[in-house]
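Working notes, beginning with the structure itself.
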2 protein chains.
Amino acid sequence: MRKVAESTVRRLSLYLRFLEEFEGQGIATVSSGALASRGSTTSAQVRKDLSFFGSFGKRGLGYPVPELAGRLREILGLKQRYQVGMIGAGKIGGALVQYRGFRQRGFDIVAIFDSDPAKIGRQWNGLTILDIDTLEAEFARRPIDMAVLVTPADAAQPVTDRLVQLGVKAVLNFAPVQLVVPDDVVVKTVNLALELETLSYALANR
Amino acid sequence: MRKVAESTVRRLSLYLRFLEEFEGQGIATVSSGALASRGSTTSAQVRKDLSFFGSFGKRGLGYPVPELAGRLREILGLKQRYQVGMIGAGKIGGALVQYRGFRQRGFDIVAIFDSDPAKIGRQWNGLTILDIDTLEAEFARRPIDMAVLVTPADAAQPVTDRLVQLGVKAVLNFAPVQLVVPDDVVVKTVNLALELETLSYALANR
DNA sequence: GTTTGTGAAACGATTCACAGCT
DNA sequence: AGCTGTGAATCGTTTCACAAAC
């Protein structure tokens with residue numbers, strides 16, 4: 001089951017969302033073709049993606065909606081909730097703290113850190129912004145599964161090193177830098193300016 | 001020059017950032033290997049990426065930093081500034097309006113629209129939030145090159161249809177939906193919950 | 001001696017097509 | 001008859017390796 005492409009994992013997340021919609025409508029089974037058309041892919045792609053993890057369908061019938069949704073949650077590691085620490089209490093951090101999509105999907109932001117004395121001590125969504133200097137002490141009290149990095153570029157790598165030291169194995173990074181981490185730590189970087197540049201490339205090359 | 005992979009375009013954006021750093025340090029030439037190590041790729045990848053657009057280097061020497069940066073700006077369509085309209089004045093929109101990275105890279109947010117009467121008329125970063133009902137009238141006065149969509153999921157497709165009607169050719173979408181647009185319109189969707197799910201997949205499968 | 005530019009080879013992902021189950 | 005599961009074929013991307021330029 002090893003070595004599944006990231007593109008496959010992303011599609012599995014999409015399939016899960018569609019399955020949850022079907023579930024809400026009380027639809028009991030769904031074919032690969034139906035899932036495919038909702039996600040602008042092909043039925044063969046859907047079947048191949050699922051086949052990496054087992055065979056969940058019935059030939060001639062399709063896939064049982066609730067069972068497949070459950071299996072996808074298992075595969076994606078969504079049967080548990082995650083404790084998420086946010087590093088940086090700027091604008092983007094503020095938006096993410098209030099973003100319902102995270103909590104809805106099982107990701108609970110349980111701590112916010114910043115280095116700015118003007119921010120430390122303030123309340124955000126019921127959470128007190130903590131001094132980044134107390135990161136190690138906080139971790140001792142309250143383990144954290146994932147970190148969301150929303151610091152300025154130059155603070156990102158040093159704070160990442162501290163997080164790695166503390167045993168964090170997953171980082172969602174919004175700082176526009178390439179973070180260096182050990183092999184057993186997974187980083188996903190979201191670079192918003194870069195997304196806009198792929199759009200301007202597309203506009204310029206038509 | 002047609003049909004360059006999106007992965008290639010993303011790397012070109014990264015190379016440009018590194019070149020700008022080198023430029024700031026007054027470095028005159030750079031080798032493919034030096035660019036590669038900054039972006040965690042390989043020198044062959046760098047050379048192949050650039051070769052889609054021409055030959056910019058000197059054998060034995062490397063690439064002239066300012067010239068290559070200029071060519072990349074041209075290729076990426078960054079020699080002009082873009083007028084960006086933001087649709088939705090929620091938390092994420094607020095963060096993006098103040099995000100300096102956009103303006104720095106040539107993307108100017110020039111209008112903000114929302115449907116909530118409590119928000120319409122407020123000032124954000126010097127911009128008045130406009131009634132979404134005046135979208136068409138605003139466009140007549142002030143053309144917009146790109147739209148940033150930060151609406152609730154159910155509003156995303158209808159407003160996209162209106163934007164397409166108005167001639168918008170590029171949309172950066174933060175709503176968790178698959179937008180349907182004509183072939184000549186380019187959409188880039190950023191789905192934050194999905195990014196977290198690729199992390200939880202990685203944690204669950206080790 | 002160093003580093004580019006690029007065909008060719010290797011690798012990886014998607015699509016095809018069909019046998020096998022329901 | 002309908003739809004899955006999956007090898008085989010196809011397509012696309014990355015890496016290799018080396019001749020050509022400096």
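Residue numbers start from 1 in every chain, and the chains themselves are labelled A, B, ... in the order their sequence lines are given, proteins ahead of strands.
Following rounding to the nearest Å, B/Glu6 (CD) and D/dG12 (C1') show an atom-to-atom distance of 14 Å. Between the NZ atom of B/Lys48 and the P atom of C/dG7 there is a distance of 7 Å, rounded to whole Å. We find that CG of B/Leu12 is positioned 13 Å from P of D/dT13, with the value rounded to whole Å. For B/Lys58 and C/dT4, the NZ to P distance is 12 Å, given to the nearest whole Å. For A/Leu35 and D/dC3, the CG to C1' distance is 13 Å, given to the nearest whole Å. Distance B/Asp49 CG to D/dT14 P: 7 Å, rounded to the nearest Å. Rounded to whole Å, atom P of C/dT6 lies 11 Å from atom CZ of B/Phe56. Between the CG atom of B/Leu68 and the C1' atom of C/dT4 there is a distance of 13 Å, rounded to whole Å.
Summarising the local packing, NZ of A/Lys79 is surrounded by more than 12 heavy atoms from other residues, nucleotides or ligands at distances under 6.0 Å.
Between B/Lys188 and B/Glu6, at least one side-chain N (NZ, or NE/NH1/NH2) sits under 4.0 Å from a carboxylate O, which counts as a salt bridge.
Using a 4.0 Å cut-off, no side-chain N or O of B/Gln45 falls inside it from OP1 or OP2 of D/dT13. A close approach under 4.0 Å does not occur between any side-chain nitrogen or oxygen of B/Arg47 and OP1 or OP2 of D/dT14. The phosphate of C/dG5 has OP1 or OP2 within less than 4.0 Å of a side-chain N or O from B/Tyr63. For B/Thr8, no side-chain nitrogen or oxygen approaches OP1 or OP2 of D/dG12 to under 4.0 Å. Taking 4.0 angstrom as the limit, A/Ser32 places a side-chain polar atom (N or O) nearer than this to OP1 or OP2 of D/dT4. Using a 4.0 Å cut-off, some side-chain N or O of B/Thr42 falls inside it from OP1 or OP2 of D/dT15.
Within the model, atoms CG of B/Leu172 and CZ of B/Phe107 stand 9.5 Å from one another, a figure rounded to the nearest 0.5 Å. To the nearest 0.5 Å, atoms CG (B/Asp108) and CZ (B/Phe102) are separated by 11.5 Å.
Closest to the B/Ser31 side chain, of the nucleotides C/dA17, C/dT14, C/dT4, is C/dT4.
Counting non-hydrogen atoms under 4.0 angstrom, A/Ser43 reaches nothing in the nucleic acid.
Comparing B/Val30 and A/Ala5 against DNA chain C, the residue whose closest nucleotide sits nearer the 5' end is B/Val30.
B/Ile112 and B/Ala89 make their closest contact through CG2-CB, 4.0 Å (heavy atoms, listed as atom of the first residue, atom of the second, distance).
Donor-acceptor pairing under 3.5 Å, judged by distance alone, is absent between the side chain of B/Arg59 and the base of C/dT3.
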